[in-house]
Number of protein chains: 2
Amino acid sequence: MTAHPQEDHYKYKKVISIGVVSELTGLSQRQIRYYEERKLVFPDRSKGIRKYSFADVEQLMKIANQREEGVSTWEIRQEMTKELRERMLKGQMNAHFRRRS
Amino acid sequence: MTAHPQEDHYKYKKVISIGVVSELTGLSQRQIRYYEERKLVFPDRSKGIRKYSFADVEQLMKIANQREEGVSTWEIRQEMTKELRERMLKGQMNAHFRRRS
DNA sequence: CGTGTAAGGAATTCTGACACG
DNA sequence: CGTGTAAGGAATTCTGACACG
């Protein structure tokens, strides 16, 4: 469908293993796995091996900043779901008012 | 320097291991390593482990197409260096004529 | 020339647990 | 709660070589 059938979106393609993610983010593998346990990141799996996207890496860096400020994983999670709700609501609005101004 | 200090260029960051590259391109690991031997791709190394970028993946897909058409690795290499020469020449021209129209 | 494969070793990743606090 | 670490195992990757052609 797109002009570049291949490009898709490099940012969202889950291809990076945890060792590289650790280097890119400065977080330990333990931390990265723990944040997954707390449902803050959602890597894909290939035979048990986690694969992350650049978007995941960005997300993890945001989490690292929040954590440094003392924000708990639970609070970060709340913030995430809240933002998700807002975005979904906005989507509903768009669907409703589209082409009706 | 950029607005998004992090984003840099996902396309050029060497973070993908050969197994994933193999899946993305449909090439065998053997083929991918051989094309490196023939100087058609240049992965980074981390403790001996090859790391590729999305740009490398694109390059490999182009190579795969050429190969299917019967183009030899040597010919592909010639084409690459030729294109490189042209791009460098263009760079020289730009440097020379910049702000002189 | 281009690619498959078996071989042995090194580096990576995984999970569940114990530790500290 | 959040993170470190040692433990044992599974999956990945690496190189050099032999094979075929």
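Protein chains get the first letters and strands the later ones, always in sequence-line order, with residue 1 at the start of each. All figures in this text were calculated on a predicted structure; none of them were measured in a lab.
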Residues in side-chain contact (heavy atoms from CB on, under 4.5 Å) contact with A:Leu84, at least two apart in sequence or another chain: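 Partners of A:Leu84 under the side-chain contact (heavy atoms from CB on, under 4.5 Å) test: A:Arg87, A:Met88.
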
Nucleotides 3-15 of chain D: protein proximity per nucleotide (B base, S sugar-phosphate only, - neither; heavy atom, under 4.0 Å): BBB------SSSB

pair B:Val15-A:Glu23: side-chain heavy atoms closer than 4.5 Å: no

Check: A:His96 and A:Met93 side chains under 4.5 Å, non-hydrogen atoms: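 When only atoms from C-beta onward are counted, A:His96 and A:Met93 do not touch, as no gap falls below 4.5 Å.
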
Show which side-chain atoms of residues 26-35 of chain A pair as donor or acceptor with protein atoms under 3.5 Å away, not counting sequence neighbours.
unit_1: A:Ser28; atom_1: OG; unit_2: A:Gln31; atom_2: N; d: 3.1
unit_1: A:Ser28; atom_1: OG; unit_2: A:Gln31; atom_2: OE1; d: 3.4
unit_1: A:Gln29; atom_1: OE1; unit_2: A:Arg33; atom_2: NH2; d: 3.1
unit_1: A:Gln31; atom_1: OE1; unit_2: A:Ser28; atom_2: N; d: 2.9
unit_1: A:Tyr34; atom_1: OH; unit_2: A:Arg38; atom_2: NH1; d: 3.3

Test item: B:Arg77 side-chain N/O and B:Thr81 main-chain N/O as donor-acceptor pair under 3.5 Å: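 No, because the side chain of B:Arg77 does not come within donor-acceptor range (under 3.5 Å) of the backbone of B:Thr81.
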
For B:Gln66, side chain to side chain donor-acceptor pair (under 3.5 Å) partners two or more places apart: none

Pairs flagged by side-chain hydrogen bond (donor to acceptor under 3.5 Å, both in side chains) wherever residues 46-55 of chain A is involved - sequence neighbours left out: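 Checked against side-chain hydrogen bond (donor to acceptor under 3.5 Å, both in side chains) - neighbours excluded - the pairs reaching residues 46-55 of chain A are A:Glu36-A:Arg50, A:Ser53-A:Asp56.
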
Bracket notation of DNA chain C in which parentheses pair within the strand, [ ] cross earlier pairs, and | pairs with another strand (Watson-Crick or G-U, under 3.5 Å): .||||.||.|.|.||.||||.

